[in-house]
Amino acid sequence: MTRTVYVNGDYLPETEAKISIFDRGFLFADAVYEVTSVLNGKLIAFDGHAERLKRSLDELGMENPISTDDLLEVHRELVRLNDIDEGLIYLQISRGAASDRDFAFPDPDEVKPTVVLFTQSKPGLADTVKPMKVISIDDIRWGRRDIKTVQLLYPSMGKMMAKAAGADDAWMVENGYVTEGTSNNVYIVKDGKIITRALSNDILHGITRAAVLRYAQEAQMEVEERNFTIEEAQNADEAFFTSASAFVMPVVQIDDKVLGDGKPGRVALRLREIYLDESLKVAV
């Protein structure tokens, strides 16, 4: 089935969708993105993703070309046109396409941003719980990881390093401390306490992260936001990561160290259950 996608105000078959070779998202990774999950045909945490999108655009001095209401309508229309019950909607906004390649930003009065959205159907998304194995790698990304840009080359390389090592993902380490996974926020659990790195420019301010920590505290779970090392993670009782596409996913091995009995931890599984239940209640 050919998907219907959205490009600059038009709904098109994916085979007919085109953008300029001079688009700055292509030439300079001068673009931001968001990924919103769809469960039961409804959008999960849409408002949070819309707010973070605005923040990313503001941090890069990029015009916001679409209102939140219009963006919601586009999301809903793509869900309808592509008959998505469970899956993802990917949104990317670039600074647009000037008439030629130039490091300097184009005049925003003359060059408008490029807006692209497409869907990915993922049947069984909410039911997929895979015990994950991760490796540790150096974090050599740029310093503004809090901005959700499309500069994803090194995270992609990290995924391939993990694959080559027979693992599922990589946790990045900077100055001795874990920052985040290649496409997720990360956590360890020790003596019932959930430990995760505090928000800063060093990590993405995850929408799922915020919700999971809120639900954890509402469930009387103890949360501590601080740095931790790979060694500490390897000696934790359990570990997990969160993202919009994976929700809460248990980690059972870090490098060559198996955590606990090698099975998904109780805290991670309970948080996943709470997150899905509560998110569906407010899905749009």
Exercise for the section: Report yes or no: does Y154 contribute a side-chain atom to a donor-acceptor pair with the main-chain N or O of M157 at less than 3.5 Å? Expected result: no

Practice task
Rounded to the nearest 0.5 Å, what's the gap from OG1 on T208 to CG on L213? Could you check?
Solution key: 10.5 Å

Practice task
Check whether any side-chain N or O of D146 sits under 3.5 Å from a backbone N or O of H205 as a donor-acceptor pair, and report yes or no.
Solution key: no

Handout entry: Pair E278 + K281: basic N to acidic O under 4.0 Å
Key = yes

Exercise for the section: Evaluate whether atom NZ of K159 has more than 12 neighbouring non-hydrogen atoms of other residues, nucleotides or ligands under 6.0 angstrom away. Expected result: yes

Problem - Note, L91 side chain near L71 side chain (heavy atom, < 4.5 Å) - result: yes

Exercise for the section: Answer whether the closest heavy-atom distance between the side chains of I230 and Q234 falls below 4.5 Å. Expected result: yes

Practice task
Determine whether more than 12 heavy atoms belonging to other residues, nucleotides or ligands lie under 6.0 Å from atom CZ of R266.
Solution key: no

Practice task
Examine distances only and state if a side-chain atom of D138 and a backbone atom of I140 form a donor-acceptor pair shorter than 3.5 Å.
Solution key: no

Handout entry: Side chain proximity check, F240 to P264, heavy atoms < 4.5 angstrom
Key = no

Problem - side-chain contact (heavy atoms from CB on, under 4.5 Å) between K133 and V251, intermediate numbers included - result: CA-CA 6 Å; K133 298 178 181 180; V251 171; over 6 Å; no

Handout entry: Test side-chain contact (heavy atoms from CB on, under 4.5 Å) applied to V267 and I194, step by step
Key = CA-CA 8 Å; V267 172; I194 300 166; 4.0 Å; yes

Practice task
For S136 and D255, test the side chains for any donor-to-acceptor distance below 3.5 angstrom and give the result as yes or no.
Solution key: yes

Handout entry: Pairwise side-chain contact, R24 with F105, heavy-atom cut-off 4.5 Å (strictly under)
Key = yes

Handout entry: No-hydrogen, no-angle side-chain donor-acceptor test under 3.5 Å, S20 and D23
Key = no

Exercise for the section: Considering non-hydrogen atoms only, spot the tightest contact between R141 and P155 and give its length. Expected result: CD-CG, 4.1 Å

Problem - Side chains of R52 and L204 in contact at under 4.5 Å (non-hydrogen atoms) - result: yes

Exercise for the section: Taking N235 for its side chain and E231 for its backbone only, find out whether a donor-acceptor pair lies under 3.5 Å. Expected result: yes

Exercise for the section: Grab the two heavy atoms, one from P106 and one from V111, that are nearest each other, plus how far apart they are. Expected result: CB-CG2, 3.7 Å

Practice task
Could you walk me through whether V186 and V178 pass side-chain contact (heavy atoms from CB on, under 4.5 Å), step by step?
Solution key: CA-CA 8 Å; V186 302; V178 178; 3.6 Å; yes

Handout entry: N40 and D85 side chains, donor-acceptor separation under 3.5 Å
Key = no

Problem - Joint cluster assignment, V35 & L152, ILVMFWY side-chain distance < 4.5 Å - result: yes

Problem - Quiz item: cation-pi between R101 and F22, 6.0 Å / 45° - result: no

Problem - Atom CZ of F26 with >12 non-hydrogen neighbours under 6.0 angstrom - result: no

Practice task
List the steps, then state whether side-chain contact (heavy atoms from CB on, under 4.5 Å) holds for V284 with R76.
Solution key: CA-CA 9 Å; V284 297; R76 284 175 166 165; 3.7 Å; yes

Exercise for the section: Is it possible for you to say whether L72 and L81 belong to one hydrophobic cluster, with membership spreading through side-chain heavy-atom contacts below 4.5 Å? Expected result: yes

Problem - Reported OG1-to-CG distance for the pair T68 and D47, which is rounded to 0.5 angstrom - result: 8.0 Å

Fill in the blank from the handout: Separation between CZ (F241) and CH2 (W171), nearest 0.5 Å, reads 9.0 Å

Practice task
Please determine which of E59, E180, E174 meets the salt bridge (charged side-chain N to carboxylate O under 4.0 Å, His left out) test together with R145.
Solution key: E174

Practice task
Start with the C-alpha gap between R80 and E77, add the side-chain angles, then the distance that decides, and say whether salt bridge (charged side-chain N to carboxylate O under 4.0 Å, His left out) holds.
Solution key: CA-CA 5 Å; R80 185 188 70 81; E77 183 65 1; 2.6 Å; yes

Exercise for the section: Starting from the C-alpha separation in whole Å, work towards a yes-or-no answer on salt bridge (charged side-chain N to carboxylate O under 4.0 Å, His left out) for K148 and E34. Expected result: CA-CA 7 Å; K148 197 171 177 69; E34 286 290 337; 5.3 Å; no

Exercise for the section: Answer yes or no: is there a donor N or O on one side and an acceptor on the other, between the side chain of D261 and the main chain of K263, under 3.5 Å? Expected result: yes

Practice task
Determine the minimum heavy-atom distance between H75 and I89, stating which atoms define it.
Solution key: O-CD1, 3.5 Å

Problem - Beyond-backbone contact of Y11 with V74, side-chain heavy atoms, under 4.5 angstrom - result: yes

Problem - Residues E14, R3: salt bridge by 4.0 Å N-O rule - result: yes

Practice task
Please confirm whether the backbone N or O of D191 pairs with a side-chain atom of D237, one donor and one acceptor, at under 3.5 Å?
Solution key: yes

Fill in the blank from the handout: To the nearest 0.5 Å, atom CG of D139 lies from atom CE of M172 at 5.0 Å

Fill in the blank from the handout: Here the gap from F228 atom CZ to Y177 atom OH, rounded to the nearest 0.5 Å, amounts to 11.5 Å

Handout entry: Neighbour count >12 (heavy atoms, 6.0 Å) for atom NZ, K190
Key = yes

Practice task
Indicate if L269 and V189 have the same hydrophobic cluster label, given that clusters are the connected sets of ILVMFWY residues with side-chain heavy-atom separations under 4.5 angstrom.
Solution key: no

Exercise for the section: For residues E218 and I274, determine if any side-chain heavy atom of one lies less than 4.5 Å from a side-chain heavy atom of the other. Expected result: no

Handout entry: Min side-chain heavy-atom separation L53-I93 under 4.5 Å
Key = yes

Practice task
Measure across D168 and A162 and return the closest heavy-atom pair with its distance rounded to 0.1 Å.
Solution key: C-CB, 4.1 Å

Practice task
Look at the side-chain heavy atoms of Ile, Leu, Val, Met, Phe, Trp and Tyr, link any pair under 4.5 Å apart, and say whether M249 and Y187 land in one connected group.
Solution key: no

Handout entry: Residue pair V248 / R272: nearest heavy atoms and the distance that separates them
Key = O-NH1, 2.9 Å

Practice task
Give the minimum heavy-atom separation between I254 and A233, together with the two atoms involved.
Solution key: CD1-CB, 3.6 Å

Exercise for the section: State yes or no: do L43 and L280 share one hydrophobic cluster built from I, L, V, M, F, W and Y residues joined by side-chain heavy-atom distances below 4.5 Å, directly or via other members? Expected result: no

Practice task
Could you tell me whether the side chain of N82 and the main chain of L78 form a donor-acceptor pair under 3.5 Å?
Solution key: yes

Practice task
Hey, can you tell me if Y90 and Y33 have their rings parallel, tilted or perpendicular (30° and 60° cut-offs)?
Solution key: parallel

Exercise for the section: Please say whether more than 12 non-hydrogen atoms of neighbouring residues, nucleotides or ligands are located less than 6.0 Å from NZ in K112. Expected result: yes

Practice task
Only one of I44, L271, L39, D127 passes side chain to side chain contact (heavy atoms under 4.5 Å, CB included) with L276; say which it is.
Solution key: L39

Problem - Spacing of N175 atom CG and T229 atom OG1 [to the nearest 0.5 Å] - result: 13.0 Å

Exercise for the section: Only one of E238, E232, E224 passes salt bridge (charged side-chain N to carboxylate O under 4.0 Å, His left out) with K193; say which it is. Expected result: E224

